[in-house]
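Both ligands and their constituent atoms are indexed starting at 1 by order of listing.
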Amino acid sequence: MTLTAHEKAFLMSSIRDIHDFPKPGIVFKDITTLLADKEAYAVLMKHLHERYASYNLTHIAGIDARGFIFGAALAQMLGVGFVPIRKKGKLPYTTVSEKYSLEYGVDEVEVHIDAFSNVENPRVLLIDDLIATGGTAYAAANLINKVGALCVEACFIMGLDFLNGHVKVSELVNVYTVIGVD
Ligand code: AMP
């Protein structure tokens, strides 16, 4: 259920730091190296599957774009639906939107107004690769609630704990971070 210190270190070592991307001063946590490593990807997905098997979820909501990769895979493992939360202008049907500020800019996320309406009492896990300031996830959790679903937890593969994003998002929903970075 919980990852061992060894497994956490293994996952951490599979994620690559890119300095000064997308602008000077940012250390970008590149999860493409985790995804390309079948053992690291499997350790992570097995852990998430075990954690969320008992949550009685109906959907996973993934944040554009790296949240889609983990969210869609986990939705299939759990046998639940997947809903994309997208950057503004990408979704074709009627949307609900929220503005937010991120570690390096300002943006807006949207979800289809009927995204969770294929079930009664939707129970949703929100997922993204990383939480920095928490602005994106806070907006996304708000969206889930706005369209009438219950966001039961927000899950991140990595957390930049020194930015305290988890404190902000915890105002709305329980936060789980697989690997915290001090
Ligand atoms: P925030 O809203 O500040 O929590 O930013 C989180 C969003 O921005 C997530 O979708 C991340 O994928 C992305 N992000 C922010 N900072 C980083 C970083 N240092 N490395 C990788 N992704 C980041």
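Contact annotation: for Val27 versus ligand 1, heavy atoms closer than 4.0 Å belong to the backbone alone. Of the heavy atoms in Leu130, both backbone and side-chain atoms come closer than 4.0 Å to ligand 1.
The two atoms that bring Phe82 and Gly67 nearest to each other are CE1-O, 4.4 Å, heavy atoms only. Contact detail for Val109 and Ala140: the closest heavy-atom pair is CG2-N, 4.4 Å.
Annotation: side chain of Ile26 is not in contact with side chain of Asp20 (no heavy-atom distance under 4.5 Å). Two residues are said to be in side-chain contact when any heavy atoms from C-beta on lie closer than 4.5 Å; Asn56 and Val152 fail this criterion. Looking only at side-chain heavy atoms (C-beta outward), His112 and Pro92 come within less than 4.5 Å of each other.
Each of the following atoms of ligand 1 lies closer than 4.0 Å to a heavy atom of Arg66: 11 (C), 12 (O), 13 (C), 22 (N). Those atoms of ligand 1 that come under 4.0 Å of a heavy atom in Thr136, given as number and element, are 1 (P), 2 (O), 5 (O), 6 (C), 7 (C). Ligand-side atoms of ligand 1 in range of Thr133: 1 (P), 2 (O), 3 (O), 4 (O), range being under 4.0 angstrom from any heavy atom. Less than 4.0 angstrom separates some heavy atom of Asp128 from each of these atoms of ligand 1: 9 (C), 10 (O).
Ligand 1 does not have Gly165 within reach: every non-hydrogen atom of the residue lies 4.0 Å or more from it. Judged by the shortest distance from any of its heavy atoms, Ile63 lies outside the 4.0 Å radius around the atoms of ligand 1.
Not a single N or O atom of Leu160, backbone or side chain, sits closer than 3.5 Å to an N or O atom of ligand 1. On a distance-only criterion, Ala132 and ligand 1 share at least one N/O pair closer than 3.5 Å.
Counting only N and O atoms by type, the side chains of Tyr52 and Glu153 include a donor and acceptor under 3.5 Å apart.
Residues satisfying the salt bridge (charged side-chain N to carboxylate O under 4.0 Å, His left out) test with Asp17, not counting sequence neighbours, are Lys29.
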